[in-house]
Amino acid sequence: MYFYTLYVQFKKQTLKQYYFFLVFLLFNSCQYFEKQVPSQKELLQKELKAINWKEVDEYPSFVDCDKVEDKTARQHCFFQYLTELIQDKLSSDTLSVLYPELDTIEVKVTVYPNAKMKFEPQFPKDSVAYDTIKIDSILTARLVNFPKVNPAIKRGIPVKTQFILPVILKVE
């Protein structure tokens with residue numbers, strides 16, 4: 001009987017300790033059931049930070065370059081094809097006659113999402129040897145009627161891309 005009274009007394013003390021422990025767990029566990037749902041703005045900001053805006057998924061391309069499967073090879077094909085087209089259009093022009101010292105010109109090419117292209121010559125800041133307005137007007141007049149270009153793609157959406165292309169005017 002003595003053992004029974006000890007057992008009952010031990011059980012009451014243990015239950016009191018467990019009772020406080022259970023109450024403590026109950027109040028602290030409420031935070032596990034309450035999940036914080038991030039807002040749309042937070043999700044949007046997180047996604048926008050994850051996007052690399054300097055790179056595109058697919059570079060612009062001409063129909064002839066669409067057959068190439070590799071991304072870097074397609075990019076190389078586009079730049080090579082565009083450079084050759086620009087050189088052909090400018091080879092029969094007066095640029096080499098007016099400016100014999102001008103052998104290479106850098107052209108800023110902009111490809112818009114609607115497949116339009118814009119060409120702007122890039123000159124050094126200290127360049128006074130060239131009539132930049134005249135060269136710009138010659139480029140604008142000659143660089144027309146290009147084949148259809150497919151714009152660059154970023155996440156499935158056509159985007160505007162710009163790049164500077166060195167164009168060799170004199171091939172010796």
Side-chain angles (χ1 to χ4, degrees), residues 33-172:
F33 296 116
E34 183 181 308
K35 296 203 181 214
Q36 296 291 332
V37 178
S39 70
Q40 278 185 326
K41 288 182 181 180
E42 289 174 1
L43 288 173
L44 178 64
Q45 291 302 320
K46 184 178 177 183
E47 189 68 22
L48 287 175
K49 286 179 183 177
I51 296 173
N52 182 1
W53 294 104
K54 302 286 183 190
E55 290 287 323
V56 292
D57 298 336
E58 291 182 33
Y59 285 92
S61 67
F62 290 105
V63 177
D64 295 344
C65 296
D66 283 342
K67 299 170 190 157
V68 180
E69 294 295 323
D70 185 37
K71 181 180 176 181
T72 55
R74 185 180 301 159
Q75 176 188 3
H76 180 70
C77 174
F78 172 75
F79 287 131
Q80 185 69 30
Y81 189 71
L82 184 61
T83 303
E84 289 173 7
L85 281 173
I86 293 173
Q87 286 173 345
D88 288 344
K89 290 185 180 276
L90 295 179
S91 65
S92 63
D93 209 325
T94 58
L95 277 178
S96 57
V97 174
L98 288 173
Y99 304 101
E101 70 279 355
L102 187 64
D103 62 345
T104 303
I105 187 168
E106 289 186 345
V107 179
K108 182 180 185 181
V109 180
T110 306
V111 180
Y112 293 98
N114 62 358
K116 301 284 185 199
M117 294 176 69
K118 181 180 177 186
F119 302 96
E120 301 172 55
Q122 301 293 301
F123 299 105
K125 299 287 184 216
D126 58 348
S127 174
V128 291
Y130 313 118
D131 185 0
T132 56
I133 297 171
K134 192 175 224 178
I135 293 174
D136 189 32
S137 66
I138 291 171
L139 284 176
T140 304
R142 298 296 286 161
L143 298 179
V144 292
N145 298 330
F146 275 86
K148 183 181 183 313
V149 63
N150 299 322
I153 304 292
K154 181 72 174 178
R155 300 189 131 214
I157 300 171
V159 292
K160 173 181 147 182
T161 51
Q162 289 183 327
F163 45 88
I164 296 178
L165 214 99
V167 178
I168 300 171
L169 299 174
K170 291 181 184 177
V171 179
E172 297 177 9

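When a residue number appears, it is its place in the shown sequence, counting from 1.
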Taking every non-hydrogen atom, the tightest pair across [X] and [Y]:
X	Y	result
T110	E120	OG1-OE2, 4.3 Å
P151	V111	CA-CG1, 4.1 Å
R74	D66	NH2-O, 4.0 Å
I164	Q122	CD1-CG, 4.3 Å
P60	F163	CG-CE2, 4.4 Å

Does some side-chain heavy atom of [Y] sit less than 4.5 Å from a side-chain heavy atom of [X]?
X	Y	value
H76	V68	no
L82	F146	yes
D64	P147	no
Y81	F62	yes
N150	E58	no

Going from [atom1] on [X] to [atom2] on [Y], what distance comes out if it is rounded to the nearest 0.5 angstrom?
X	Y	atom1	atom2	answer
T161	K154	OG1	NZ	12.0 Å
I153	Y59	CD1	OH	13.5 Å
S61	K67	OG	NZ	11.5 Å
Q162	Y112	CD	OH	7.0 Å
L85	N145	CG	CG	11.5 Å

Fill in: side chain to side chain contact (heavy atoms under 4.5 Å, CB included) evaluation trace for F78 with V149
CA-CA 9 Å; F78 172 75; V149 63; 3.7 Å; yes
Practice prompt. Evaluate whether atom NZ of K116 has more than 12 neighbouring non-hydrogen atoms of other residues, nucleotides or ligands under 6.0 angstrom away.
Written response: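 Count not over threshold, so no.
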